[in-house]
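In the text below, chain A, chain B and the rest are named by the order of the sequence lines, each starting its count at 1.
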2 protein chains.
Amino acid sequence: MSANSRLTIAAHALAWIGLYQRQGHEVATSEKIAASANTNPVVIRRLLGELRRAGLVESRRGAGAGWSLARELGSITLLDVYEAVEAGPLFAMHRTTPDQGCVVGHGIQPAMRGIYQDIEETLRHKLARVTLEKVLRDVLAAPRQPL
Amino acid sequence: MSANSRLTIAAHALAWIGLYQRQGHEVATSEKIAASANTNPVVIRRLLGELRRAGLVESRRGAGAGWSLARELGSITLLDVYEAVEAGPLFAMHRTTPDQGCVVGHGIQPAMRGIYQDIEETLRHKLARVTLEKVLRDVLAAPRQPL
DNA sequence: TCCGTTGTAACGATTATCGTTACGACAGCC
DNA sequence: GGCTGTCGTAACGATAATCGTTACAACGGA
C-alpha cells in the first residue's frame, strides 16, 4: 500500500494552529507550520486549502495574513480531515473488467464491493471517534526529550 | 490513497482455484486465472508467488504444472491474503522528522502512531472475519446476467 | 528429447505524492 | 498610492508503487 502521509500532515497542521491560537496568536502562517512539520510551505498551503474547502479552517490574505481554525478542535474529527484530504477508496477493483463469461469473473466485483464497503464503514467510525482536541492532548502528553 | 487492486486480484485468484478444484481439476494455470481476471499471467504468477510464500497455495512445475490450494478456502481469511500481498501500513508518518524543538513536532508522531495502530488493529479484525469460503459463496450468489 | 508451465528479470507506462521555484492576487499599513 | 508579507496556484522534476509486457532459464512429466 502506497502509504500516505497527508492525513498525518493535515492533523499536524491543525493541532499546530490550535495550540498557536491558544497561546494568543491570531493567525498562523504556512511558513511556521512548515517549519514544525519540516516540509515546504507550499505543501502546507495545498493541504490547508483542501481543509478550507471542507470548512475546517479559514485563510486571510494581504498583510498579516495566515490561517485560523473555522471550528473548535473538539468539533473536528479525523474523519473530517480524512474526507478532506484523502481521495479514493481503500481498496480498488480490477483495473479492467474481469471476464463476465466466467462465474468468478462475473461475481467477484459485487462480492468484494460489499466486503470493502463494510470495512470502510468501520474505518470511518473509528476516525469519527477521534477529535483533533484529543490529538492535541496526546501530542502534549508525549514525554519530554530527556537531556 | 493510491488504491490497490492487489487484494482484489489475489482473492479473485484464490476463489477461482477453489472453484476449479471443486469441479474436479487438479491444478490451475496462471494463464486461465489471468483470463478470468482479464490481466497478464505474469501478474497472477507474481501474486500467487507471494501467497505461496505465505503458505496459502502450492505450485508444481514441469509438464502438467500449475497452482493448487495449500489450505481449505474456509481456513483462509482475507487477513491472511492481506498480509501476504500488502506491504506497509495504511497511513504514513512524515517523510522527514518533524522539528523536535517544537512541542507539536515532538509529540505528533507518538500521538498519531497510537491512533493508527488502533485503526489498523480494527481493520485486521474485520479482514480476519471474512474467509475465502465466504468470498466464493458471495461470488456464486451474484445474480446471473439477464439476456 | 520434447513441451507446457513456473519463476523471475527487465523495461516502459501510468499514477500519486512530494518538494521546489515562480509569480500573480490580495490587503493591511505607512 | 505604493510597500510588503502572505496566500493561491501553476509548473516541473524526483521518487516510488503498481501494472502490463516481453523474454528466457528452470523444471519435470510424457
Whole angstroms only, please: what is the [atom1]-[atom2] distance between [X] and [N]?
{"X": "B:N40", "N": "C:dC11", "atom1": "CG", "atom2": "P", "answer": "18 Å"}
{"X": "B:E50", "N": "D:dC19", "atom1": "CD", "atom2": "C1'", "answer": "13 Å"}
{"X": "B:N4", "N": "C:dA16", "atom1": "CG", "atom2": "C1'", "answer": "12 Å"}
{"X": "A:R95", "N": "C:dT15", "atom1": "CZ", "atom2": "P", "answer": "8 Å"}
{"X": "B:L47", "N": "C:dT6", "atom1": "CG", "atom2": "P", "answer": "14 Å"}
{"X": "A:I9", "N": "C:dT17", "atom1": "CD1", "atom2": "C1'", "answer": "11 Å"}
{"X": "B:I44", "N": "D:dC19", "atom1": "CD1", "atom2": "P", "answer": "10 Å"}
{"X": "A:M93", "N": "D:dC19", "atom1": "CE", "atom2": "P", "answer": "14 Å"}

**Prompt:** If only atom types and distance count, is the side chain of A:T96 paired as donor or acceptor with the main-chain N or O of B:N38 below 3.5 Å?
**Reply:**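 The answer is yes, because a donor-acceptor pair under 3.5 Å joins these two groups.
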**Asked** Would you find a donor on one side and an acceptor on the other, under 3.5 Å apart, between the side chain of A:E83 and the backbone of A:V81?
**Response** no
**Prompt:** Parallel, tilted or perpendicular for A:H94 and B:H12, by the 30°/60° rule?
**Reply:**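 Taking B:H12 first and then A:H94, their aromatic rings stand perpendicular (interplane angle over 60°).
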**Request:** Take the angle between the ring planes of B:F91 and A:Y82 and call it parallel below 30°, perpendicular above 60°, tilted in between.
**Result:** perpendicular
**Asked** Would A:V43 and A:I17 show up in the same hydrophobic cluster when neighbours are defined by side-chain heavy atoms closer than 4.5 Å?
**Response**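 A:V43 and A:I17: separate clusters.
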**Item:** Nucleotide-resolved protein contact map, nucleotides 22-30 of chain C, B/S/- at heavy-atom distance under 4.0 Å
**Value:** B-BBBBB--
**Request:** Show your working on salt bridge (charged side-chain N to carboxylate O under 4.0 Å, His left out) between B:R124 and B:E86 and close with a plain yes or no.
**Result:** CA-CA 12 Å; B:R124 302 169 88 79; B:E86 300 280 357; over 6 Å; no
Presence of [X] side-chain N/O under 4.0 Å of [N] phosphate oxygens OP1/OP2:
{"X": "B:T39", "N": "D:dG20", "value": "yes"}
{"X": "A:R46", "N": "C:dG19", "value": "no"}
{"X": "B:S59", "N": "C:dG7", "value": "yes"}

**Residue pair A:A11 / A:L132: nearest heavy atoms and the distance that separates them** = O-CD1, 3.9 Å
**Asked** Between A:A70 and A:G55, what is the shortest heavy-atom contact and its length?
**Response** CB-O, 3.5 Å
**Message:** Under 4.0 Å, heavy atoms only, any strand: does A:G66 hit a base, just the sugar-phosphate, or nothing?
**Reply:**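 Sugar-phosphate: the residue A:G66, judged by heavy atoms under 4.0 Å, touches backbone atoms but no base.
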**Item:** Step-by-step side chain to side chain contact (heavy atoms under 4.5 Å, CB included) determination, A:T122 to B:L123
**Value:** CA-CA 8 Å; A:T122 306; B:L123 171 69; over 6 Å; no
**Item:** Contacting residues from residues 12-35 of chain B, given that a heavy atom lies under 4.0 angstrom of DNA chain C
**Value:** B:A28, B:T29, B:S30
